[in-house]
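Reckoned from all heavy atoms, side chains included, excluding hydrogens, waters and symmetry mates.
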Amino acid sequence: QVQLVESGGGLVQTGGSLRLSCAASGRTFRSAVMGWFRQAPGKEREFVAAINWSVGSTYYADSVKGRFTISKDNAKNTVYLQMNSLKPEDTAVYSCAAGTFSARFRLPGAYDYWGQGTQVTVSS
């Protein structure tokens with residue numbers, strides 16, 4: 001079992017920045033992928049970013065590329081999502097997830113474990 005705990009959400013003005021954290025504990029697995037997803041009211045959950053835990057490769061949705069950065073701290077078993085140049089359309093509940101890396105990493109179904117989510121609100 002893996003436990004994921006997110007933190008760092010909040011209210012920010014357009015153009016501002018936030019950094020989300022996702023601390024993982026419990027069982028670890030070799031070929032892990034850690035991802036961030038978001039879900040706005042009335043919309044489906046969408047992929048934001050992912051990182052291959054073993055090799056450090058990073059992947060982004062087109063909508064956040066160049067503005068968001070995913071990173072990890074191996075010693076702390078923590079994944080971060082640095083969000084810059086935030087826009088009102090970035091408003092959503094952001095959740096981190098963990099799974100075994102595969103070509104399906106952009107899909108929620110590829111992940112076995114989820115955090116509780118943290119609200120990010122960007123005011124215009």
S.K.: Measure the spacing between CZ of Arg38 and CZ of Phe68 and express it to the nearest 0.5 Å.
M.R.: 5.5 Å
S.K.: Indicate yes or no: at least one non-hydrogen side-chain atom of Arg67 is less than 4.5 angstrom from one of Tyr60.
M.R.: no
S.K.: Donor-acceptor pair, Thr14 side chain versus Ser123 backbone, under 3.5 Å?
M.R.: yes
S.K.: Provide the closest heavy-atom pair for Gly9 versus Leu18 in the form atom of the first, atom of the second, distance.
M.R.: C-CD1, 4.5 Å
S.K.: If I take atom CZ from residue Arg19 and atom CG from residue Asn84, how far apart are they, to the nearest 0.5 angstrom?
M.R.: 11.5 Å
S.K.: Who pairs with Phe47 by ring pair (Phe, Tyr, Trp, His ring centres under 6.0 Å), at least two apart in sequence or on another chain?
M.R.: Phe37, Phe105
S.K.: Nearest 0.5 angstrom please: Ser57 OG to Phe101 CZ, how far?
M.R.: 7.0 Å
S.K.: Minimum heavy-atom separation for Lys72 to Asn52, with atom names?
M.R.: CE-O, 4.1 Å
S.K.: Say whether Trp53 and Trp36 are linked into one hydrophobic cluster, either directly or through other cluster members, by side-chain heavy-atom distances under 4.5 angstrom.
M.R.: yes
S.K.: Are Val48 and Leu4 in one and the same hydrophobic cluster, where Ile, Leu, Val, Met, Phe, Trp and Tyr link if side-chain heavy atoms are under 4.5 Å apart?
M.R.: yes
S.K.: Taking all non-hydrogen atoms of both residues, which atom of Ala50 and which atom of Val33 are closest, and how far apart?
M.R.: CB-CG2, 4.0 Å
S.K.: State yes or no: do Leu20 and Val2 share one hydrophobic cluster built from I, L, V, M, F, W and Y residues joined by side-chain heavy-atom distances below 4.5 Å, directly or via other members?
M.R.: yes
S.K.: Could you walk me through whether Lys87 and Asp90 pass the salt bridge (Lys or Arg N to Asp or Glu O under 4.0 Å) test, one step at a time?
M.R.: CA-CA 5 Å; Lys87 306 174 181 179; Asp90 294 318; over 6 Å; no
S.K.: Nearest 0.5 angstrom please: Gln119 CD to Leu11 CG, how far?
M.R.: 9.5 Å
S.K.: Any chance you could measure Met34, atom CE, to Ile70, atom CD1, to the nearest 0.5 Å?
M.R.: 8.0 Å
S.K.: For residues Gln82 and Ser17, report the shortest heavy-atom separation together with the two atoms involved.
M.R.: NE2-CB, 3.9 Å
S.K.: Once rounded to the nearest 0.5 Å, what's the spacing between atom OG of Ser7 and atom OH of Tyr80?
M.R.: 8.5 Å
S.K.: Are the side chain of Glu6 and the backbone of Cys22 linked by a donor-acceptor contact shorter than 3.5 Å?
M.R.: no
S.K.: If I compare all heavy atoms of Thr78 with all of Ser21, which pair ends up nearest, and what's the gap?
M.R.: CG2-CB, 4.3 Å
S.K.: Ala92 and Ala40: which non-hydrogen atoms are nearest, and at how many Å?
M.R.: CB-N, 3.8 Å
S.K.: Taking Val120 as the starting point, is it possible to reach Val93 by hopping between hydrophobic residues whose side chains are less than 4.5 Å apart?
M.R.: no
S.K.: Without swapping roles, check the side chain of Thr118 against the backbone of Tyr94 for a donor-acceptor pair under 3.5 Å.
M.R.: no
